[in-house]
Enquirer: 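Sharing a structure here in structure tokens format.
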4 protein chains.
Amino acid sequence: MGTRQEKKERITEQRRQQILDAALAVFSRKGYGEATIPDISLEAGIAVGTIYNYYESKRDLLLSIFSTYVFTQPFVKLLEHTLEMDDRTFLSLLIEDRLDFGFENMDRFFFLLSEVQRDPELRQQYSQEVLGPVLGLLEKYLESRVASRVFRPVNISMVARVLGGAMIGFLLLCRIEGESGPCRSMFRKELATELTDFVLKGLLQSEDRT
Amino acid sequence: MGTRQEKKERITEQRRQQILDAALAVFSRKGYGEATIPDISLEAGIAVGTIYNYYESKRDLLLSIFSTYVFTQPFVKLLEHTLEMDDRTFLSLLIEDRLDFGFENMDRFFFLLSEVQRDPELRQQYSQEVLGPVLGLLEKYLESRVASRVFRPVNISMVARVLGGAMIGFLLLCRIEGESGPCRSMFRKELATELTDFVLKGLLQSEDRT
Amino acid sequence: MGTRQEKKERITEQRRQQILDAALAVFSRKGYGEATIPDISLEAGIAVGTIYNYYESKRDLLLSIFSTYVFTQPFVKLLEHTLEMDDRTFLSLLIEDRLDFGFENMDRFFFLLSEVQRDPELRQQYSQEVLGPVLGLLEKYLESRVASRVFRPVNISMVARVLGGAMIGFLLLCRIEGESGPCRSMFRKELATELTDFVLKGLLQSEDRT
Amino acid sequence: MGTRQEKKERITEQRRQQILDAALAVFSRKGYGEATIPDISLEAGIAVGTIYNYYESKRDLLLSIFSTYVFTQPFVKLLEHTLEMDDRTFLSLLIEDRLDFGFENMDRFFFLLSEVQRDPELRQQYSQEVLGPVLGLLEKYLESRVASRVFRPVNISMVARVLGGAMIGFLLLCRIEGESGPCRSMFRKELATELTDFVLKGLLQSEDRT
DNA sequence: TATGAATGAGTGTTCATTCAT
DNA sequence: TATGAATGAACACTCATTCAT
């Protein structure tokens, strides 16, 4: 059920996707600066010149990766749909989901993060379009819990950033330590539970509370 | 008050430093791959050829930055000297120190981290010479506290990495959000206290313990 | 009359040739070390980058020149086909042919010889693949003549090298003396005859034989 | 018996010599283009800057080598003093002397020859100041022998160049064939005798004369 | 006069981009 | 529209030459 026109558009869209995937793969493997257009053309099985029919420049590829894969945030959906669960369940689901995602997409994620840090323009866009909404939801969640006295009165901005940062930083350390580090042998489920406990109860024994 | 010979050596050392500083500055600004030797020569106010009188190659500059600024760890000293304090004091001192250091050296720190991630050789060296010792000390600390029942029994490897990762991740998010983010207006002291509380007590009100 | 594919290959081959010719011309004029890639690109009327689409490096150009022009030896054919002639005819044909070739290709020949001397790898290859076979045939020829008592019993190895060397050395001196030297005004035919006589009869008058 | 002034001049002359020797050694080893001034300064045990107090440029070093070692011709002396000997003795002495000299100074000689070929200016100078006189003497010698009917009537210009060229070419081939070639195992004395015989009597048996 | 660090033009080489087919 | 050869600006690096000490 598609006119000639629509068919053509579908094929065009497929091509764009194919190129973008190849670019992301190569960028993740070698880094943006070290990756070359011939590399990408090889990975995609598409001629160098053709890439330029779909994307204006190497940098355009990078930006398109961001707008396709990063600046659209299915993650926010997750946050929205789970706000009504009880805290332990919500947190451990959230954490497990993010850990799964992180471990699965490590190279890509850290390549993207790396570029975000390098490029001020991307940084601002990422800050506004990704971090902003996500941290916003997290803050709203924390705020409601503090308001209902489930959580202690804390500096909400900061705790939101510490929680988000802890996920990213934990993955980062796991990645640097590599295959031989202790992270690889941890079970994802157990990790999520333990982390949830840590976030909720901290480190102290109950009786030591100050 | 030094011989001719000593004077010359001092000047040579100064030059090396001057070049290394310029390289670090440029690398931090543009990333290793995007930085050029003329960039560095301009930043240092030194001719291109002179750089090569002091360093063998661009990569040698990178490695020298690491061995000068990264693979020497005054930080470990800090950890060793504070193990005997009470926990709240120790943690908040540690956190404050790391936050201070992180905010002061953000661009440099994340450039270095970025390269560590890109370069497998650096990654392994960093893992062994920096992360290993630091996480080791943190684990020893946690272990002793758990043994003396001050801390709950937790997965020590994981908590060590979550704590370390939280610091890094928090700084990372602050950096991405930039000057206009909420981090910049937080007081360092307050931050440290709040974070310490979070680590020790978690989020729950005492009476809500599950 | 060729498929698309064949046409492309022909053009590619032409380009390779065009570049190689330009390289040989420039190398012959300035020497390998003093020649630059821009020089060659100018001579060929081709962009610098294009040269690198056909040859891996400057050195690859040099080696390709050798394998194209030097390490293929039509000369050996000549030697083989003339072994049955009478000596005077054979020698004067051989000498004339080599003189013709030498005078025609002087600059190129001495550039190549010069590089052979400079580069140990080329030297060995040249020794094995060019000098070896050529001197071998010459020795075989001398040996048969000595065996049949047409020639005096001589040190065959040495005489072969003296004969070959005399051709090269003669050309070399002609080249150094240049256009104004006496060589340029000699007739090639006469030269060959005279040289043949010299080789066969030496300098002495018949009656002066010692 | 030298004033202060003379002493200084002697030291200066020594320095010039020391530098020139080092330059010749390095040039012969690596070729003019590949040799660097620091190489020469190392070989001479003299600072880079000092070299420039004695010679204007790298090229000046090359030209000075020529005017010191090449464009002064002790060889001509030899030719002059032996004109009265009998031919066989004269020729074999001459040949032996040149072979000795050639084998002893191969690298230097062929480096110089190589530069002569590369550089038109040097070429002309060499032609006029070295080749000219030497070939002139040889021609004079041949001429007198032909006049006195000891030698056959030959094209004197050509034979002179063939004789000179044969020496150079023979050495050249020996050099290219290297240590493993047959030249290295020949006795110098025997070589000279054989070569003399060849020059005087040619290759034919007496009775085969055509 | 002797030194060797500083210089920067010049080298071989790469690669994003263009364009004729 | 797809192709990949052609392009040349830009890169890392070298080295003859200068000059302050």
Enquirer: If you count heavy atoms of other groups shown closer than 6.0 angstrom to CD of Gln17(B), is the number above 12?
Expert: yes

Enquirer: So which of residues 49-63 of chain B are in contact with DNA chain E, with a heavy-atom cut-off of under 4.0 Å?
Expert: Gly49(B), Thr50(B), Asn53(B), Tyr54(B)

Enquirer: Could you run through DNA chain F and flag its stems, i.e. three or more consecutive Watson-Crick or G-U pairs with both distances under 3.5 Å?
Expert: E:2-21 with F:2-21

Enquirer: Which sits closer to the 5' end of DNA chain F, Pro38(B) or Gly45(C), going by the nucleotide each is nearest to?
Expert: Gly45(C)

Enquirer: With the threshold set at 4.0 Å, does a side-chain nitrogen-carboxylate oxygen contact exist between Lys8(A) and Glu13(A)?
Expert: no

Enquirer: Any carboxylate oxygen within less than 4.0 angstrom of a Lys/Arg side-chain nitrogen, looking at Asp107(A) and Arg29(A)?
Expert: no

Enquirer: Does a donor on one side chain and an acceptor on the other come within less than 3.5 Å for Gln117(C) and Arg175(D)?
Expert: yes

Enquirer: Reading DNA chain E from 5' to 3', where do the contacts with chain D start and stop? Cut-off is 4.0 Å to heavy atoms.
Expert: dA2(E) to dG4(E)

Enquirer: Parallel, tilted or perpendicular: which fits the ring planes of Phe27(B) and Phe111(B), with parallel below 30° and perpendicular above 60°?
Expert: tilted

Enquirer: Indicate whether any N or O donor in one side chain lies under 3.5 Å from an N or O acceptor in the other, for Tyr69(D) and Asp21(D).
Expert: yes

Enquirer: Would you mind checking if Arg118(C) and Glu115(D) are paired as a salt bridge, meaning a charged N to carboxylate O distance below 4.0 Å?
Expert: yes

Enquirer: Determine whether more than 12 heavy atoms belonging to other residues, nucleotides or ligands lie under 6.0 Å from atom CD of Gln125(A).
Expert: yes

Enquirer: Under a 3.5 Å threshold, yes or no: a donor from one side chain and an acceptor from the other, between Asp60(D) and Ser57(D)?
Expert: no

Enquirer: Please figure out whether Ile37(A) or Ala35(C) has its closest DNA chain E nucleotide nearer the 5' end.
Expert: Ala35(C)

Enquirer: Counting heavy atoms not belonging to Glu43(A), are there more than 12 under 6.0 Å from its CD?
Expert: yes

